[in-house]
Amino acid sequence: MEDFRTIRRQTLHITAPLETEDYMMQASPDVSPAKWHLAHTTWFFEQFILKNHAENYEEFSKDSNALYNSYYETQGKIFPKSQRGLISRPTVAETFAYRDYVEQQVEAFLQTTPLTEEIADLMEVGLQHEQQHQELLITDTKYNFSINPTNPAIIPDHLSETTAAPREWLTFEEGLTEIGTNNIHFSFDNERPVHKYWIHPFSIATVPVTNREYMNFIEDGGYKEAGYWLSEGWSIVKQEQWEAPLYWEKHEGEWYAYSLQGLKKVNPEEPVTHISYYEADAFSRWAGFRLPTEQEWEHAFSGYSTEGHFVEAETYHPAPVDKPEHVYGNVWEWTRSPYAPYPNNRPLEGALGEYNAKFMSNQMVLRGGSCATPQSHIRSTYRNFFPPEKRWQFSGIRLAKDE
């Protein structure tokens, strides 16, 4: 109950700076309106907890499933993601009323119903799911605001004078390691089970790549030399005319980038972010290194504390990494591993089996969390995944090399 209340309040805290008009924005099929995120996370609890387990539950609206089902084919017809910004009714006020109603019903259910293992597991998935959407609320809202030529700032400015720590290397010998988890506390099905993996000798950087390093890549013609790029990535560079990370623009010889704090000069000390897998891979080749595999990443950092720069800092922007032990947070780090099931992996049964497994194609794995991730949500085994061309997440680079 306490976790439910805390996490639900945090979602509203993230959306607090928004005006009514802001809740409807959808600037790309990749992102969703803030109003939809508020409703969909509520629908999740209604659909999987209340409608399946609460006796005599009366729906707030008979239209919720038709409007807010994201991709669960087993739960009914799905409204097209690209058209979510066209749903003006229910209104924003009605969406908040829907949210309040379901929260009251869930709390009443938890107070009067024996907490079985099934219900406890569903509640935990629902809370972890809401935390994922808290991050999406930030990244989607940032993209939605970014198309506004006035570069609106919706949160206070947070300047960092910290200097990034120099890059050093952690070296590991070859040997057998264990990857994944057996769900001692909580994990998604794509993190399971624990399995053996043979690690070849490698080194991995102690800190992520900075804006300064990436500027050097740009100035050295990184976006103009096909030899650094995978074929598909090079085609996208030419097609989309990429010349820098997403949100970067040049004014009088200086790089600026849009954030939810407005248009600001790029801080060379911050980790570079909002780059695709293709850009991360190209930079690595230019620098003479490579991206780590997800197994190397987990092997290297599984023993580290999950301290770092997370959403709780409320800057919604990366900060310079001055302590190499702060591996987690700041930017999701691309690995060169395709998103695929682990050996002997079993998706969840029923509708939640659609949560992760059906996306295991044409996507790459990222590790570590970002400045938009709740700290309580991240762990060393967490596998994020996105198509290799996507840039609107806080995605960055950590280098690796063979030994």
Side-chain angles (χ1 to χ4, degrees), residues 6-42 44 70 81 84-85 92 95-96 99 127-148 151-158 160 245-248 257-264 267 270-276 306 308-319 328-333 366-378 382 384-386 390-396:
T6 299
I7 289 173
R8 296 286 283 181
R9 282 197 299 265
Q10 174 64 10
T11 302
L12 299 185
H13 181 71
I14 291 170
T15 60
L18 301 181
E19 300 293 343
T20 302
E21 293 82 356
D22 301 331
Y23 283 89
M24 284 297 299
M25 295 188 296
Q26 185 180 19
S28 160
D30 283 333
V31 305
S32 297
K35 188 178 81 167
W36 185 88
H37 285 295
L38 293 177
H40 168 70
T41 51
T42 301
F44 194 95
S70 56
K81 180 179 179 179
R84 290 171 182 169
V92 173
T95 301
F96 278 104
R99 193 172 173 88
L127 294 173
Q128 297 278 339
H129 170 258
E130 180 129 354
Q131 288 185 308
Q132 289 179 315
H133 278 271
Q134 289 170 357
E135 180 161 355
L136 288 169
L137 263 169
I138 294 168
T139 55
D140 290 7
T141 299
K142 178 176 181 177
Y143 189 86
N144 288 332
F145 274 117
S146 74
I147 67 167
N148 188 325
N151 297 308
I154 68 165
I155 63 171
D157 199 356
H158 297 273
S160 176
L246 182 64
Y247 303 128
W248 283 34
Y258 177 72
S259 75
L260 290 174
Q261 301 162 18
L263 188 68
K264 302 292 180 184
N267 182 347
E270 294 169 356
V272 66
T273 191
H274 295 301
I275 59 170
S276 67
T306 53
H309 187 68
F310 290 98
V311 73
E312 288 78 7
E314 297 188 359
T315 65
Y316 307 154
H317 189 74
Y328 294 89
N330 256 317
V331 293
W332 286 103
E333 296 170 2
L366 303 94
R367 292 298 192 109
S370 81
C371 56
T373 308
Q375 186 172 3
S376 63
H377 185 65
I378 203 64
Y382 197 108
N384 202 353
F385 53 93
F386 283 101
K390 300 305 180 186
R391 311 205 292 171
W392 93 103
Q393 292 299 308
F394 287 101
S395 47

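Atom set for the values below is all heavy atoms of this structure, side chains included, hydrogens, waters and symmetry mates excluded.
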- Item | Derivation and outcome, side chain to side chain contact (heavy atoms under 4.5 Å, CB included), residues Leu136 and His37 | CA-CA 8 Å; Leu136 288 169; His37 285 295; 3.6 Å; yes
- Query: What's the spacing between His274 NE2 and Ser259 OG if we round to 0.5 Å?
  - Reply: 8.5 Å
- Got a sec, which residues hit side chain to side chain contact (heavy atoms under 4.5 Å, CB included) with Glu21, two or more places apart in sequence or on another chain? Glu19
- Item | For Thr273, side-chain hydrogen bond (donor to acceptor under 3.5 Å, both in side chains) partners two or more places apart | none
- Any side-chain heavy atom of Thr373 within less than 4.5 Å of one from Tyr382? no
- Message: Using side-chain heavy atoms (C-beta onward) and a distance below 4.5 Å, is Ser70 in contact with Trp36?
- Response: yes
- So CH2 of Trp392 and OG of Ser28: to nearest 0.5 Å the spacing works out to 7.5 Å
- Whether Phe44 and His40 hold their rings parallel, tilted or perpendicular, with breakpoints at 30° and 60°: perpendicular
- Message: Nearest 0.5 Å, please: how far is CZ in Phe145 from CD1 in Ile154?
- Response: 4.5 Å
- Note on the structure: When every non-hydrogen atom of Ser395 is compared with those of Leu366, the smallest separation belongs to CB-CD2, 3.8 Å
- Item | Heavy-atom side-chain proximity of Thr41 to Gln134 below 4.5 angstrom | no
- Message: Could you work out, with side-chain hydrogen bond (donor to acceptor under 3.5 Å, both in side chains) as the rule, every residue matching Thr139, not counting sequence neighbours?
- Response: Gln393
- Taking all heavy atoms of Pro318 and all of Pro271, pick out the closest pair and write down the distance. CB-CD, 3.9 Å
- Note on the structure: All heavy atoms of Trp332 vs all of Asn384, minimum pair found to be CE2-ND2, 3.2 Å
- Task: Measure the CD1-CD distance between Ile138 and Glu314 for me, rounded to the nearest 0.5 Å.
- Result: 9.0 Å
- Nearest atoms (heavy-atom pairs only) where Ile14 meets Pro17: O-CD, 3.3 Å
- Task: Could you list the residues that satisfy salt bridge (charged side-chain N to carboxylate O under 4.0 Å, His left out) with Lys264, not counting sequence neighbours?
- Result: Asp157
- Task: Could you tell me whether Phe310 and Tyr316 have their ring centroids closer than 6.0 angstrom?
- Result: no
- Note on the structure: Across all chains, not counting sequence neighbours, the side-chain hydrogen bond (donor to acceptor under 3.5 Å, both in side chains) partners of Ser146 are none
- salt bridge (charged side-chain N to carboxylate O under 4.0 Å, His left out) with Arg8: which residues, sequence neighbours excluded? Glu103, Glu130
- Task: To the nearest 0.5 Å, tell me how far Ile7 CD1 sits from Ser376 OG.
- Result: 6.0 Å
- Item | With sequence neighbours excluded, residues passing ring pair (Phe, Tyr, Trp, His ring centres under 6.0 Å) with Tyr258 | none
- Task: Name all residues meeting the side-chain hydrogen bond (donor to acceptor under 3.5 Å, both in side chains) criterion together with Asn267; count only those two or more places apart in sequence or in a different chain, and write none if there are none.
- Result: none
- Query: salt bridge (Lys or Arg N to Asp or Glu O under 4.0 Å): which pairs involve residues 27-42, sequence neighbours left out?
  - Reply: Asp30-Lys390
- Does any pair with a residue in residues 133-142 pass salt bridge (Lys or Arg N to Asp or Glu O under 4.0 Å), and if so which ones, sequence neighbours excluded? none
- Query: Which heavy-atom pair separates Thr15 from Leu12 by the least distance, and what is that distance?
  - Reply: OG1-O, 3.1 Å
- Can you sort out the partners of Ala313 under side chain to side chain contact (heavy atoms under 4.5 Å, CB included), two or more places apart, ordered by chain and number? His309, Thr315
- Task: List in chain and number order the residues that pass side chain to side chain contact (heavy atoms under 4.5 Å, CB included) with Gln128, two or more places apart in sequence or in another chain; answer none if no residue qualifies.
- Result: Glu124, Gln131, Phe186, Phe188, His377, Arg379
- Query: Between Arg84 and Ser32, does any side-chain donor sit less than 3.5 Å from a side-chain acceptor?
  - Reply: yes
- Task: Going by the side chain to side chain donor-acceptor pair (under 3.5 Å) test, name the single residue among Glu270, His158, Gln261 that passes it with His317.
- Result: Glu270
- Minimum-distance pair of heavy atoms, taken over all atoms of Ser370 and Phe394: CB-CB, 3.8 Å
- Item | Note, Thr11 side chain near Leu137 side chain (heavy atom, < 4.5 Å) | yes
- Item | Spacing of Phe96 atom CZ and Thr42 atom OG1 [to the nearest 0.5 Å] | 9.5 Å
- Query: Is the shortest heavy-atom distance from the side chain of Leu38 to the side chain of Thr95 under 4.5 Å?
  - Reply: yes
- Query: Are the side chains of Val272 and Ile275 in touch, meaning some heavy atoms are under 4.5 Å apart?
  - Reply: yes
- Query: So, Asn144 side chain and Ala27 main chain: donor-acceptor pair closer than 3.5 Å or not?
  - Reply: yes
